[in-house]
Visitor: 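One structure is given below, represented as structure tokens, and several questions about it will come after.
The model shown is predicted, which means the values in this text are computed figures rather than measured ones.
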Amino acid sequence: MSHDTYQFLLYAMSVAGAVVFVALYFVRAGYGMFRTSSWGISLPNKLAWMLMEAPAFVIMLWGWLSSDIDVFAPQFVFACLFLLHYFQRSFVFPLLMRGKSRMPVAIVAMGIVFNILNGMLLTTSFFSYPSAEDLYVEGCGYWMHSFPWIGLALFIAGMSINLHSDYVIRHLRKPGDTKHYLPQKGFYRYVTSANYLGELIEWTGFALLTASPAAWVFVWWTAANLVPRADAIYRRYREEFGCEALKDKKRIIPYIY
């Protein structure tokens, strides 16, 4: 990818994220509790998640293996963390899913396109045009700065919240049960979309860790997708369980929104 193409995609993805953010407050993405037949042909959830998430894993792995980065370079850690997340998301998370839910092919296709573009931008940012080149070239010295450690701590905290929240959601129902329940454990005590909170924290930490403009675009896209979705979930819970059941819970950011 040329540097001009890389820069263009960064700006284009930023603008597209703004459009998505606004649009998702008016159109509910038709998966999970919001899936309807109007979204057309669908796939089993397990297959859909694998197809959506795997491209990011494959692209980062290929970019890493094709580079001449050694184990002492900061990018080695960046790639490992990214691959860890997407290995879990592509090959572990789908296998842990319960039930027989389905996802529209349209949603799957959009997810694949995003993960391809995001994977390409991050791989290019780390291995071809590192934004923080004056820091990356320090090798182990990169870790003498504070932001990488703050970012790493946030990444680990966010991933932990995300994994625990997914666990809580998976165990809300007994086999064969199709009812909706209001999750209460973990960070669900504070927000109705604790899994999204964890993911937002995780990728904000990743952006601080890497000092990459592509990573910050990823944070923006994460927020653009998850914040409106969290609002829709909050409203659905309020309709089903009432305001009293929600108490002081917020949507995605504790005590704020």
Side-chain angles (χ1 to χ4, degrees), residues 1-21 23-24 29 47-71 73-94 103 105-137 142 148 151-152 155 158-159 162 199-200 202-226:
M1 182 187 298
S2 70
H3 190 268
D4 287 344
T5 301
Y6 168 67
Q7 291 288 342
F8 171 77
L9 286 176
L10 286 178
Y11 290 121
M13 289 284 283
S14 298
V15 173
V19 174
V20 167
F21 179 77
L24 287 180
L47 175 60
W49 277 101
M50 287 183 181
L51 291 175
M52 277 200 309
E53 305 293 329
F57 179 87
V58 172
I59 290 170
M60 180 61 73
L61 182 62
W62 176 258
W64 179 28
L65 295 177
S66 301
S67 71
D68 57 357
I69 297 299
D70 60 39
V71 296
Q75 296 98 309
F76 178 85
V77 176
F78 305 162
C80 285
L81 292 175
F82 187 87
L83 291 172
L84 174 64
H85 172 93
Y86 274 98
F87 180 83
Q88 194 279 334
R89 208 66 179 167
S90 303
F91 309 114
V92 178
F93 173 75
M103 186 180 296
V105 170
I107 298 291
V108 177
M110 287 186 282
I112 290 172
V113 170
F114 170 77
N115 279 312
I116 288 174
L117 291 173
N118 187 53
M120 290 173 59
L121 284 173
L122 286 168
T123 301
T124 301
S125 175
F126 296 157
F127 305 120
S128 298
Y129 311 116
S131 62
E133 188 170 5
D134 57 327
L135 296 177
Y136 291 179
V137 294
Y142 183 78
L152 180 60
F155 181 90
M159 189 171 188
N162 183 255
E199 196 160 348
L200 189 57
E202 182 180 355
W203 294 121
T204 300
F206 191 72
L208 287 170
L209 168 65
T210 62
S212 164
W216 282 111
V217 171
F218 187 16
V219 172
W220 169 227
W221 260 90
T222 301
N225 278 276
L226 299 188

Visitor: Does Thr222 reach the main-chain N or O of Leu200 with its side chain, forming a donor-acceptor pair under 3.5 Å?
Guide: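 Such a contact is absent between Thr222 side chain and Leu200 backbone.
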Visitor: Measure across Ile116 and Pro55 and return the closest heavy-atom pair with its distance rounded to 0.1 Å.
Guide: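 So the two residues come closest at CG1-CB, 3.8 Å.
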Visitor: Kindly indicate whether the side chain of Arg89, heavy atoms from C-beta on, has any atom under 4.5 Å from the side chain of Glu199.
Guide: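 Answer yes - side chains close enough.
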Visitor: Does Tyr86 have its ring centroid less than 6.0 Å away from the ring centroid of Phe82?
Guide: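 When the ring centroids of Tyr86 and Phe82 are compared, they turn out to be within the sub-6.0 Å range.
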Visitor: Could you measure the distance from the CZ atom of Phe76 to the OG atom of Ser67? Nearest 0.5 Å is fine.
Guide: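 One gets 10.5 Å once the value is rounded to the nearest 0.5 Å.
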Visitor: Side-chain contact, heavy-atom cut-off 4.5 Å: Met159 with Asn162?
Guide: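 Not touching, per the 4.5 Å side-chain cut-off.
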Visitor: In chain order, what residues pass the side chain to side chain donor-acceptor pair (under 3.5 Å) check against Ser14, with sequence neighbours excluded?
Guide: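 If we apply the side chain to side chain donor-acceptor pair (under 3.5 Å) test to Ser14, skipping adjacent residues, there are no hits.
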Visitor: What I'd like to find out is whether the side chain of Ile107 reaches to under 4.5 Å of the side chain of Met110, using heavy atoms alone.
Guide: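 Contact flag for Ile107/Met110 side chains = yes.
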Visitor: Should the pair Phe78 and Tyr142 be assigned to parallel (<30°), tilted (30 to 60°) or perpendicular (>60°) ring geometry?
Guide: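 Aromatic pair Phe78/Tyr142 classed perpendicular.
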Visitor: Given the rule in the side-chain contact (heavy atoms from CB on, under 4.5 Å) test, do Trp216 and Leu208 qualify, once you have shown the distances and angles that lead to the verdict?
Guide: CA-CA 8 Å; Trp216 282 111; Leu208 287 170; 3.8 Å; yes
Visitor: Do Phe126 and Trp64 have side chains that approach each other closer than 4.5 Å (heavy atoms only, starting at C-beta)?
Guide: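 Side-chain contact under 4.5 Å: no.
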Visitor: Which atoms form the tightest heavy-atom contact between Ala54 and Phe91, and what is the distance?
Guide: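 Between these two residues, the closest heavy atoms are CB-CZ, 4.3 Å.
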Visitor: Does the plane of the ring in Phe21 sit parallel, tilted or perpendicular to the ring in Trp220? Use 30° and 60° as the thresholds.
Guide: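 Rings of Phe21 and Trp220: tilted, as their planes differ by 30° to 60°.
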Visitor: For this output row, return yes or no: ring centroids of Trp221 and Phe218 closer than 6.0 angstrom.
Guide: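 No, they do not, as the ring centres are separated by 6.0 Å or more.
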Visitor: Find the distance between OG1 (Thr210) and CG (Leu152) and round it off to the nearest 0.5 Å.
Guide: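 Spacing of OG1 (Thr210) from CG (Leu152) equals 11.5 Å.
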Visitor: How far does CG of Leu10 sit from CG of Leu117, to the nearest 0.5 angstrom?
Guide: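 One finds 11.0 Å between CG of Leu10 and CG of Leu117.
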Visitor: Within the distance-only criterion (no hydrogens, no angle test), does the side chain of Asp70 pair as donor or acceptor with the backbone N or O of Ala73 below 3.5 angstrom?
Guide: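 Yes, Asp70 side chain to Ala73 backbone: donor-acceptor pair under 3.5 Å.
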Visitor: Provide the closest heavy-atom pair for Gln88 versus Pro94 in the form atom of the first, atom of the second, distance.
Guide: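 Heavy atoms of Gln88 and Pro94 come nearest at O-CD, 4.2 Å.
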Visitor: In Å and rounded to the nearest 0.5 Å, what is the CG to CE distance from Leu65 to Met60?
Guide: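 Answer for the CG-CE pair, Leu65 versus Met60, is 11.5 Å.
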Visitor: For a quick test of reading the model, state the closest non-hydrogen atom pair linking Phe127 to Ile69 and the distance between them.
Guide: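 Heavy-atom minimum between the residues: CD2-CG1, 3.5 Å.
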Visitor: Considering all heavy atoms of both residues, which atom of Ser212 and which atom of Leu122 are nearest to each other, and what is their separation?
Guide: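 For Ser212 versus Leu122, the nearest heavy atoms are OG-CD2, 4.4 Å.
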Visitor: Would you say the side chain of Leu209 lies within less than 4.5 Å of the side chain of Phe155, judging by non-hydrogen atoms?
Guide: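 No. Closest side-chain heavy atoms not under 4.5 Å.
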Visitor: What are the two closest heavy atoms between Ile59 and Asn115, and how far apart are they?
Guide: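 Looks like CD1-O, 4.4 Å.
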Visitor: Go through Val108 and Leu47 one step at a time and tell me if the side-chain contact (heavy atoms from CB on, under 4.5 Å) criterion holds.
Guide: CA-CA 10 Å; Val108 177; Leu47 175 60; over 6 Å; no
Visitor: Can you tell me how far CE of Met120 sits from CE of Met1, rounded to the nearest 0.5 angstrom?
Guide: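 It comes to 3.5 Å.
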Visitor: So Tyr6 and Pro213, do their side chains get closer than 4.5 Å, heavy atoms only?
Guide: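 Yes, side chains in contact.
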Visitor: Using side-chain heavy atoms (C-beta onward) and a distance below 4.5 Å, is Met13 in contact with Phe114?
Guide: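 Heavy-atom side-chain distance check passes, below 4.5 Å.
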Visitor: Does Leu9 reach the side chain of Thr124, with side-chain heavy atoms less than 4.5 Å apart?
Guide: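 Leu9 does not reach Thr124 side chain to side chain.
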